[in-house]
Undergrad: 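Input: one structure, supplied below.
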Amino acid sequence: MKDMLESIAREAKASLELAQSKQELENIRVKYLGKKGELTAVLKQMGKLTPEERPVMGQLANEVRASIEALIEATDEKIKKAELEKKLREEKLDVTMPGKKSELGHKHPLNIVLDEVKDIFLGMGFDIATGPEVEWDYYNFEALNIPKDHPARDTQDTFYITENMLLRTQTSPVQIRVMEQQKPPIRVISPGRVFRSDAVDATHSPLFHQIEGLVVDKGITMGDLKGTLEAFAKRLYGNDTKIRLRPHHFPFTEPSCEIDVTCFKCGGKGCPMCKGEGFIEILGAGMVHPKVLSGCGVDPEVYSGYAFGVGLERLVMFRFDIDDMRLLYENDMRFLGQF
Ligand code: PHE
């Protein structure tokens with residue numbers, strides 16, 4: 001029995017010296033000291049010994065157990081230390097290595113121009129108003145003097161959520177919302193997304209952006225409209241820019257016009273960009289229809305106003321000489337990196 005105990009001690013020591021991980025260590029512990037372990041198996045045979053031999057072997061067995069336990073503890077320390085060293089080695093950081101360069105983004109061309117437009121109008125005393133993109137039929141059409149059977153609805157077909165709720169086709173509903181909430185004098189612009197069920201091509205997108213403008217006060221005339229938008233065009237496209245008003249029709253303005261600016265490319269001489277016209281159309285405008293004013297509780301006998309709606313994509317495309325609107329939405333870095 002003595003031999004057995006000594007060989008257990010030897011074997012345990014030998015395998016502990018080779019142990020590399022906590023798991024191996026645990027396996028060794030179970031193998032020698034566990035309930036079904038080798039040492040326990042030997043101790044179970046104590047009964048076969050003579051009463052003289054028993055205490056001697058008992059003591060030896062205890063010594064063997066204690067020595068194995070001590071060895072296990074020491075090995076455990078050793079393994080922990082080795083693991084820590086390995087971790088530190090792996091996490092070593094060379095602070096003298098060149099860093100990874102993080103690329104700085106910049107504004108999207110739509111936002112570059114939008115911010116300029118906002119600046120120009122804020123500088124002229126306008127506030128910024130917003131409205132929902134999911135809009136009631138009432139605000140998008142009805143209150144703008146476009147009843148259910150009006151042909152203007154055909155050109156602004158959109159995505160309906162219910163019969164009375166839709167994705168707004170223009171920023172003009174914000175005019176109504178502002179007039180319902182504010183008393184004149186009113187001076188706001190309202191930039192935002194609008195939607196129409198148009199197929200995508202170089203000049204159309206089912207989602208695009210408009211900037212609405214609305215001024216309501218006593219004695220507002222078409223002259224104010226013209227002067228303000230001329231100042232706007234000069235600020236945006238340069239001092240030599242001229243504007244031209246062409247008669248047009250919108251149900252919610254009377255009279256109505258479209259406003260063109262001198263072609264930034266040829267300066268008005270006529271070129272392929274402006275199709276020989278010398279001018280390029282940038283917005284629709286007019287004097288707010290008396291029906292629209294009174295519908296919002298504004299007395300048209302006392303107050304008058306003008307409104308306009310600019311297509312942001314057009315401004316951006318003219319400004320940066322971009323010939324395909326799709327480029328503005330595709331997020332191609334080769335395109336965006338140029339701004
Ligand atoms: N909402 C019109 C459109 O989308 C533009 C417009 C706005 C015209 C304001 C007149 C006054 O075509």
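Atoms within each ligand, like the ligands themselves, are counted from 1 in listed order.
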Undergrad: Short list, please: which atoms of ligand 1 are under 4.0 Å from a heavy atom of Gly309?
TA: 6 (C), 7 (C), 9 (C)
Undergrad: Determine the sole option in Gln23, Lys31, Glu24 for which the side chain to side chain donor-acceptor pair (under 3.5 Å) test with Asn27 is passed.
TA: Gln23
Undergrad: Mark up the atoms of ligand 1 that fall under 4.0 Å of a heavy atom belonging to Gln175, in ascending order.
TA: 9 (C)
Undergrad: Where's the contact between Ser256 and ligand 1, heavy-atom distance under 4.0 Å: side chain, backbone, both or neither?
TA: neither
Undergrad: State whether the shortest distance between N or O atoms of Gln210 and N or O atoms of ligand 1 falls below 3.5 angstrom.
TA: yes
Undergrad: Tell me which protein heavy atom sits closest to atom 12 (O) of ligand 1, plus the residue, atom name and distance to 0.1 Å.
TA: Phe250 CE2, 3.8 Å
Undergrad: Any donor-acceptor pair under 3.5 Å linking the side chain of Arg187 with the backbone of Gly125?
TA: yes
Undergrad: Rounded to the nearest 0.5 Å, how far apart are NZ of Lys291 and CD of Glu254?
TA: 11.5 Å
Undergrad: Test of understanding: given a 4.0 Å heavy-atom threshold, classify the contact between Phe252 and ligand 1 as side chain, backbone, both, or neither.
TA: side chain
Undergrad: Gln170 heavy atoms, cut-off 4.0 Å: which ligand 1 atoms fall inside?
TA: 1 (N), 2 (C), 3 (C), 4 (O)
Undergrad: Between Arg177 and Tyr139, is NZ or CZ placed under 6.0 angstrom from the six-membered ring centre and within 45° of the ring axis?
TA: yes
Undergrad: Give yes or no for whether the N/O distance cutoff of 3.5 Å, strictly under, is met between Glu212 and ligand 1.
TA: no
Undergrad: Taking Tyr329 for its side chain and Leu207 for its backbone only, find out whether a donor-acceptor pair lies under 3.5 Å.
TA: yes
Undergrad: Could an N or O of ligand 1 be found under 3.5 Å from any N or O of Thr169, whether backbone or side chain?
TA: no
Undergrad: Can you name the atoms of ligand 1, numbered from 1 with element, that are less than 4.0 Å from a heavy atom of Phe308?
TA: 7 (C), 9 (C), 11 (C)
Undergrad: Give yes or no for whether the N/O distance cutoff of 3.5 Å, strictly under, is met between Ser172 and ligand 1.
TA: yes
Undergrad: As an exercise, identify every atom of ligand 1 less than 4.0 angstrom from a heavy atom of Arg196.
TA: 3 (C), 4 (O)
Undergrad: So do Ile186 and Val215 actually touch side chain to side chain, heavy atoms under 4.5 Å?
TA: no
Undergrad: Could you check whether any side-chain N or O of His106 sits under 3.5 Å from a backbone N or O of Leu336, counting only pairs where one atom can act as donor and the other as acceptor?
TA: yes
Undergrad: Just wondering, do Ser15 and Lys13 contact through their side chains at under 4.5 Å, heavy atoms?
TA: no
Undergrad: Give a yes or no answer on whether the side chain of Glu77 reaches the backbone of Glu73 with a donor-acceptor pair at less than 3.5 Å.
TA: no
Undergrad: By number and element, which atoms of ligand 1 are closer than 4.0 Å to a non-hydrogen atom of Gly284?
TA: 6 (C), 8 (C), 10 (C)
